[in-house]
Amino acid sequence: MISEEAGEMLMVYDDPSNQQSLSLDDGSSTEESHDDTRLSLETNTDTVPYIGQRFATHDAAYQFYSEFAKRCGFSIRRHRTEGKDGIGKGLTRRYFVCHRAGNTPVKAANEGKQQRNRKSSRCGCQAYIRISKSSELGAFEWRVTGFANHHNHELLEPNQVRFLPAYRSISEADKSRILMFAKTRISVQQMMRLLELEKCVEPGYLPFTEKDVRNLLQSFRKIDSEDESIDLLRICRNIKDKEPDFKFEYLLDSNNRLENIAWSYASSIESYDVFGDAVVFDTTHRLTAIDMPLGIWIGVNNYGTPCFFGCVILREENLRSLSWALKAFLGFMNGKAPQTMLTDQNMCLKEAMAAEMPSTKHALCIWMIVAKFPSWFNAVLGDRYNDWKAEFHRLYNLESIEDFELGWRDMVTSFGLHANRHIANLYALRSLWALPYLRSHFFAGMMAIGHSKSINAFIQRFLIAQTRLPHFVEQFKDQAAEQQIMQQNLQNINLKTGAPMESHAASVLTPYAFSKLQEQLVLAAHYASFQMEDGFLVRHHTKLEGGRKVYWMPREGIISCSCHQFELSGILCRHTLRVLSTGNCFQIPERYLPVRWRRVTGTPPSKLHSENVQLLRNMVSSLISESGKSKERLEIATEGVSMLLSRIREQPVSSTHGNAIQRNV
């Protein structure tokens with residue numbers, strides 16, 4: 001039970017308006033006589049504070065209580081100080097309390113200022129220690145005169161308490177390493193991985209977090225970000241002068257400083273027109289040169305490679321700025337919103353999408369969530385971490401919502417994660433990331449965890465160029481041309497089944513899309529189909545129960561499966577292919593060969609001509625860059641270009657394309 005004295009003290013710190021000093025009754029249960037006091041120096045094996053314990057300074061008492069708190073699973077903070085006449089002058093009494101003591105007062109709403117939606121950790125906890133200044137034989141010391149260790153919240157485990165701000169710290173040696181890493185322009189995540197490798201610690205076991213590193217880098221920053229942001233605006237204006245189809249939007253604040261800026265190239269807008277059905281909006285990076293949040297819109301083209309749609313740089317990643325960014329993006333794309341958009345776990349972005357893109361299905365990037373698992377669960381689960389991760393992936397790929405719900409409950413129980421806040425948060429947001437809830441929406445294969453490697457590599461290529469702003473902006477344009485060259489050199493298609501449907505698909509789909517369909521065709525041979533009253537039941541030939549329901553209307557050319565793979569990826573599943581094969585269908589119905597996965601995307605001739613001109617421009621740029629590396633290369637290039645120009649000038653000029661060439665070259 002908490003003593004009367006402790007209850008009195010707690011009432012005081014719960015009520016900030018009460019400024020009266022606390023009285024100590026001689027008969028209080030937390031007091032002991034002076035005869036029972038012992039110097040802390042003489043009891044260095046004691047780990048629990050006790051009434052009468054002595055310290056040379058109040059800082060020594062604070063340190064002792066802090067170490068005690070860390071072992072118990074909480075942290076502390078300095079609460080009240082008191083002074084009175086008589087024993088010396090100045091400070092005579094101090095209170096140290098649990099970091100969750102007290103209650104945060106409700107701030108008055110200010111309509112002109114956006115409020116931060118941050119939940120306070122304070123819950124009125126009653127744990128505290130009180131020390132009082134006393135004098136014996138002319139020497140001052142601090143003595144424990146009150147102590148209560150009763151908490152109204154759960155205490156953290158030893159492998160969790162170290163993440164409390166009070167126990168996180170970056171040593172001087174680590175600061176030096178981080179500063180060195182910052183000069184190489186690598187990401188904070190890469191810095192953390194390198195430090196973990198250097199110190200031979202598991203992911204998530206450093207004594208500081210990514211947020212701590214970002215705060216440290218902010219204090220290191222020396223450059224004038226305002227000058228850099230002005231340069232960025234000037235760069236976009238210069239590109240617009242050279243390329244009228246280049247689009248950019250910007251916002252200045254009341255002091256005429258750059259607040260937000262977004263841009264997109266004509267080639268990106270054209271790509272979006274065909275491949276903008278599923279989009280990733282990655283806002284997890286920062287543009288180091290001007291220390292502002294960076295957002296990149298990315299999609300996947302018909303060859304399965306990432307394609308750039310647009311970029312935005314924001315001063316702050318809040319609801320107002322993110323809403324502005326989405327409006328700018330829609331403006332670039334002539335008001336056409338994507339069917340689905342994948343983002344990081346950002347609640348402001350979730351609100352912005354609901355307001356600006358109400359028809360777009362919002363989901364969370366699973367690979368961004370999984371990337372946080374080491375810091376969230378490695379220390380908590382220890383040796384069971386890999387087993388838990390395997391179970392998570394199994395649950396993620398389930399088809400049935402009911403199976404997911406049951407499996408999730410079993411997983412939480414099996415691994416003892418009922419009180420884990422990350423597990424609770426993931427479950428609350430399950431409809432935004434778990435496949436059982438998302439299978440009826442198209443994501444172009446980007447919900448696959450393995451797809452993150454290509455997208456992350458794509459983004460990292462842009463981030464490497466942060467040291468030079470002009471190259472950072474212009475490189476997005478070059479990326480499209482490089483991808484076209486790569487796609488023309490993709491591997492040949494090899495037929496495996498000999499089925500007419502396979503040959504038909506190979507003649508229509510790109511190698512990437514065909515490889516995905518071919519996988520399903522090969523697997524379809526291992527399945528049996530049974531005609532039912534309302535469709536077909538399809539299951540593996542080794543199974544006696546279960547299976548998928550397939551509905552087929554041959555006359556209408558419509559087929560669907562309960563696994564919803566086509567809706568999710570645009571590729572028919574093994575179950576539907578088995579039914580089509582059984583029904584003597586030798587070609588895949590036209591509607592199940594989506595335009596976005598075909599070799600020819602139906603681009604108008606004018607657009608193809610514009611794209612070819614853009615490709616030529618970038619090839620010339622690469623030619624100049626490569627030729628300038630040596631005298632021999634330059635001589636070969638000069639001779640070759642001279643001969644090529646002579647041949648070109650012999651060809652007739654088309655009046656249809658004359659103006660376009662003059663404008664774009």
Side-chain angles (χ1 to χ4, degrees), residues 72-75 99-100 117-123 125 151-165 167 201-206 209-211 284 342-347 349-350 361-441 443 447-450 452 546 562-564 568:
C72 291
F74 67 101
S75 65
H99 73 289
R100 302 194 67 176
N117 185 20
R118 187 174 66 180
K119 185 178 179 180
S120 172
S121 64
R122 298 190 180 187
C123 60
C125 179
H151 298 265
N152 64 350
H153 56 90
E154 291 189 10
L155 298 177
L156 300 177
E157 296 294 330
N159 56 6
Q160 296 173 313
V161 70
R162 59 192 179 85
F163 290 112
L164 292 175
Y167 304 126
V201 300
E202 294 291 329
Y205 273 84
L206 288 173
T209 65
E210 288 187 12
K211 183 178 180 181
T284 61
L342 292 160
T343 74
D344 186 24
Q345 195 172 332
N346 186 321
M347 292 302 103
L349 187 51
K350 183 176 182 292
K361 174 61 179 178
H362 178 217
L364 302 180
C365 288
I366 186 62
W367 66 82
M368 294 184 187
I369 295 175
V370 171
K372 300 173 184 176
F373 282 177
S375 61
W376 285 356
F377 301 112
N378 201 4
V380 175
L381 294 168
D383 294 339
R384 305 187 70 194
Y385 171 70
N386 288 331
D387 293 337
W388 173 84
K389 192 166 63 170
E391 177 62 10
F392 175 88
H393 290 318
R394 187 189 72 82
L395 294 174
Y396 170 75
N397 286 293
L398 288 174
E399 295 176 2
S400 163
I401 292 177
E402 292 77 15
D403 290 344
F404 175 86
E405 293 286 343
L406 290 172
W408 187 269
R409 285 196 290 270
D410 291 342
M411 178 268 290
V412 171
T413 301
S414 176
F415 290 90
L417 296 172
H418 293 92
N420 188 280
R421 63 186 179 91
H422 297 301
I423 286 291
N425 193 29
L426 283 172
Y427 184 73
L429 297 173
R430 62 194 182 282
S431 63
L432 296 179
W433 60 263
L435 280 184
Y437 296 89
L438 299 171
R439 288 189 177 276
S440 59
H441 301 278
F443 289 98
M447 287 298 289
I449 295 175
S452 63
S562 59
C563 75
H564 296 292
L568 182 68

Donor-acceptor pairs under 3.5 angstrom involving side-chain atoms of residues 376-385: please list them, not counting sequence neighbours.
| from | atom 1 | to | atom 2 | distance (Å) |
| --- | --- | --- | --- | --- |
| Asn378 | ND2 | Pro203 | O | 3.0 |
| Arg384 | NH1 | Ser414 | O | 3.2 |
| Arg384 | NH2 | Ser414 | O | 3.2 |

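A search for side chain to side chain contact (heavy atoms under 4.5 Å, CB included) contacts involving Leu438 returns Lys361, Ala363, Phe443, Met447, not counting sequence neighbours. In this structure Ser400 satisfies the side-chain hydrogen bond (donor to acceptor under 3.5 Å, both in side chains) test together with Glu402, sequence neighbours excluded. Under the rule for a side-chain hydrogen bond (donor to acceptor under 3.5 Å, both in side chains), the partners of His99 that lie at least two apart in sequence or sit in another chain are Ser75. With sequence neighbours left out, Glu202 forms a salt bridge (Lys or Arg N to Asp or Glu O under 4.0 Å) with no residue at all. Under the side chain to side chain contact (heavy atoms under 4.5 Å, CB included) criterion, Cys72 pairs with Phe68, Phe74, Asn149, not counting sequence neighbours. Under the side-chain hydrogen bond (donor to acceptor under 3.5 Å, both in side chains) criterion, Tyr167 pairs with no residue at all, not counting sequence neighbours. Take His393 and apply the ring-ring contact (aromatic ring centres under 6.0 Å, His included) test, not counting sequence neighbours, and it matches no residue. With sequence neighbours excluded, the residues forming a side chain to side chain contact (heavy atoms under 4.5 Å, CB included) with Leu395 are Glu391, Leu398, Phe404, Trp408, Met411, listed by chain and number. A search for side chain to side chain contact (heavy atoms under 4.5 Å, CB included) contacts involving Asn152 returns Cys123, Cys125, not counting sequence neighbours. Lys372 pairs by the salt bridge (Lys or Arg N to Asp or Glu O under 4.0 Å) definition with Asp344, not counting sequence neighbours. Residues that satisfy the side-chain hydrogen bond (donor to acceptor under 3.5 Å, both in side chains) test with Asn420, not counting sequence neighbours, are absent from this structure.
A donor-acceptor pair under 3.5 Å is absent between the side-chain atoms of Arg439 and the main chain of Leu568, judged by distance alone.
With contacts defined as side-chain heavy-atom distances shorter than 4.5 Å, the pair Glu399/Ile401 does not qualify. Proximity of Trp388 to Leu417: side-chain heavy atoms (C-beta onward) are separated by under 4.5 Å at one or more points. With a 4.5 Å cut-off on side-chain heavy atoms, Thr343 and Leu364 count as touching. By the 4.5 Å heavy-atom criterion applied to side chains, His564 and Leu435 are not counted as neighbours. Counting heavy atoms from C-beta on, the side chains of Glu405 and Arg430 come closer than 4.5 Å.
Here the CH2-CD1 distance, from Trp433 to Ile369, works out to 7.0 Å after rounding to the nearest 0.5 Å. For the atom pair His441 NE2 and His362 NE2, the distance stands at 12.5 Å (nearest 0.5 Å). To the nearest 0.5 Å, atom CD of residue Gln345 and atom CG of residue Asn425 are 5.0 Å apart.
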